[in-house]
Amino acid sequence: MALHLYNTASRQKEEFVPRDPANVGMYVCGPTVYDTAHIGNARPVIIFDVLARLLRLQYGDAHVNYVRNITDVEDKIIAAAEANGESIEALTTRTTKAYHEDMAEMGALPPNREPKATEHIVGMVEMIGVLMEKGHAYEAEGHVLFDVTSMADYGKLSGRNRDDMIAGARVEIAPYKKDPADFVLWKPSADDIPGWDSPWGRGRPGWHIECSVMSRAELGDTFDIHGGGRDLIFPHHENEVAQSCCANGDGTFARYWVHNGFLTVEGDKMSKSLGNFRTVRELLAEAPGEALRLNMLSAHYRQPLDWTSDGVKQSKTNLDKLYTSLQSLSDVEADESQVAKSVLDALEDDINTPKALAALYALSSAANKETNLVERSKIKGKLLSGGNLLGLLQQDPKEWFQGAEEGDVTADQIEALILERVEAKTNKNYARSDEIRDSLKDQGIVLEDSPQGTTWKRV
RNA sequence: GGCCUGGUGGCGGAGUGGUGACGCAGCGGAUUGCAAAUCCGUGUACACCAGUUCGAUUCUGGUCCAGGCCUCCA
């Protein structure tokens with residue numbers, strides 16, 4: 001089947017047909033770099049990484065342009081830098097670097113392009129100028145505001161109308177707004193905070209304009225996929241649509257809107273007040289990034305995902321199982337012409353990763369049973385290619401089982417003890433052989449005997 | 001108040017108008033010196049109440065419950 005995606009704009013699954021049959025453009029809202037990434041930030045990264053892998057397989061690496069921005073100018077950044085007593089640049093550089101490291105640990109490939117908001121200020125000023133000229137924006141008390149009444153379709157993406165928004169407003173409305181739903185395009189900066197010169201005075205951009213400008217600069221007025229967390233539907237994406245369509249023309253901008261659901265931690269929403277913010281860094285100390293990734297993929301991306309340490313453990317177990325099969329296939333070379341059709345089919349159905357994982361488990365099970373070498377080679381090819389689509393199973397199994405940081409025992413010591421144990425077993429000295437096995441087990445090393453000999457792994 | 005998701009076996013989690021994925025855990029068996037790993041077998045699950053239907057977990061309406069957005073947020 002062809003790729004189908006649930007399009008937030010139409011509220012249904014649609015067949016994905018790119019604008020240009022040969023090339024695909026995808027824009028995903030990236031982080032505002034003011035703090036280290038938490039596990040919730042990782043969800044869209046991993047989901048859209050899987051989608052990018054799928055698109056690259058189908059259209060070719062050179063024909064997919066995956067853009068994910070870095071928002072490095074924003075009031076939270078200013079506040080955090082001040083609180084930390086560090087410069088804004090130091091904060092954004094440090095945070096961006098940590099973000100890249102954390103996402104790489106979770107197996108996310110870098111996007112093709114990663115524009116930074118601060119590199120696109122000129123474009124933002126230009127776009128705001130166009131909106132002013134076309135009568136979609138106005139200046140008030142040093143701010144430039146988008147006039148939502150100038151756009152008939154405003155609210156369409158998120159499915160809400162202006163009256164509802166006004167009725168539901170829980171914040172005080174700035175007195176200079178013509179309409180309560182108007183939002184800021186440009187705001188004035190005091191001398192001690194970052195600002196750029198503009199026709200409306202020294203200032204900085206509002207929250208939404210950067211994505212309208214960067215997506216256009218990288219992908220053009222109209223492009224295929226726009227992604228992000230579902231909390232961004234309103235107001236962020238709604239306002240992006242308003243800015244872009246009003247500046248560039250009706251019917252432009254993103255064609256497919258893809259939004260991932262939220263995740264909770266041990267049943268609760270992550271929040272600073274509950275103290276349950278889990279950073280990717282902390283979680284990496286608990287389990288390998290690949291296990292965190294599998295855990296993330298174990299629920300469908302549009303469903304809520306409850307992140308629990310039990311779930312992480314189970315994901316680690318499942319990954320062990322897959323790597324065990326892969327290890328057992330070390331007697332054959334992978335047949336690289338094989339495509340894991342079952343995995344592909346699942347992913348083409350709106351990125352159904354739980355189904356894709358089930359397909360991987362089926363391959364694993366088949367591998368454990370198959371004795372024919374040609375078939376084993378095919379299965380290995382499928383396991384690896386299916387794993388690659390999901391960003392899993394790309395390590396050497398030996399590395400997976402034995403490569404974790406050395407504990408109290410080194411690999412050499414373990415090998416020596418295995419030799420001693422083999423000898424003890426040969427002499428039917430089972431007391432000694434069990435003693436060795438038990439003692440290693442206490443140190444987190446599990447021995448497995450097979451007709452081919454004894455292997456070990458760290459657990 | 002408005003808008004929007006969900007409620008599936010012990011747990012996680014797909015899916016479907018008709019023969020109940022998949023994984024973890026459990027139980028039984030095979031294998032093993034004993035294990036581990038693996039294999040085989042094993043589960044009368046779809047919040048509740050109506051309705052439509054030959055038949056609903058799947059469609060419709062209502063109820064209850066949980067959560068999200070409307071304000072910074074992935």
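Letters A, B, ... mirror the listed sequences (proteins, then strands); counts begin at 1.
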### Query
A/Lys156 has an atom NZ; how far is it from atom P of B/rC70, in whole Å?
22 Å

### Task
Measure the distance from OH on A/Tyr6 to P on B/rG6 and round it to the nearest whole Å.
8 Å

### Task
Describe the nucleic acid contact of A/Arg278 in one word from base, sugar-phosphate, nothing, applying a heavy-atom distance below 4.0 Å.
nothing

### Query
Using a cut-off of 4.0 Å on non-hydrogen atoms, how would the nucleic acid contact of A/Tyr361 be classed: base, sugar-phosphate, or nothing?
sugar-phosphate

### Task
Would you mind reading off the distance between A/Tyr301 atom OH and B/rU5 atom C1', rounded to a whole angstrom?
14 Å

### Message
Counting the atoms with a prime plus P, OP1 and OP2 as sugar-phosphate, which does A/Asp310 contact under 4.0 Å by heavy atoms, base, sugar-phosphate, or nothing?
### Response
nothing

### Message
Without decimals, in angstroms, what is the distance between A/Arg230 CZ and B/rG67 P?
### Response
16 Å

### Query
Rounded to whole angstroms, how far apart are CD1 on A/Ile39 and C1' on B/rA74?
11 Å

### Task
Classify the nucleic acid contact of A/Leu263 as base, sugar-phosphate or nothing, counting any heavy atom under 4.0 Å across all strands shown.
base

Pairs under 3.5 angstrom, nitrogen or oxygen only, protein versus nucleotides 26-30 of chain B, please.
none

### Query
At under 4.0 Å between heavy atoms, what does A/Gly40 touch on the DNA or RNA strands: base, sugar-phosphate, or nothing?
base

### Query
Tell me, what's RNA chain B's dot-bracket, Watson-Crick or G-U with both distances under 3.5 Å, | for other-strand, [ ] crossing?
(((((((..(((.....[...))).(((((.......)))))....(((((..]....))))))))))))....

### Query
Counting any heavy atom closer than 4.0 Å, what does A/Leu447 reach on the DNA or RNA strands: base, sugar-phosphate only, or nothing?
base

### Message
Looking at A/Glu435 and A/Arg432, is any side-chain nitrogen of the basic one under 4.0 Å from a carboxylate oxygen of the acidic one?
### Response
yes

### Task
Select base, sugar-phosphate, or nothing to describe what A/Lys321 touches, counting heavy atoms under 4.0 Å on all strands.
sugar-phosphate

### Touch class at under 4.0 angstrom, heavy-atom based, for A/His300 against every strand present
sugar-phosphate

### Task
Name the residue closer to the 5' end of RNA chain B, choosing between A/Lys457 and A/Pro31 according to the nucleotide with the nearest heavy atom.
A/Lys457

### Task
Grab the CD-P distance between A/Gln452 and B/rU32 for me, whole Å please.
14 Å

### Query
For the pair made of NZ in A/Lys76 and P in B/rA74, what is the distance, rounded to whole Å?
6 Å

### Task
Using whole Å, report how far CG of A/Asp306 lies from P of B/rG6.
17 Å

### Query
Does A/Lys441 pair with A/Asp438 as a salt bridge, N-O distance under 4.0 Å?
no

### Message
Below 4.0 angstrom, which residues in residues 364-379 of chain A have at least one non-hydrogen atom near RNA chain B?
### Response
A/Ser365, A/Asn368, A/Lys369

### Any side-chain donor near an acceptor of the partner, A/Tyr66 and A/Asp49, under 3.5 Å
no

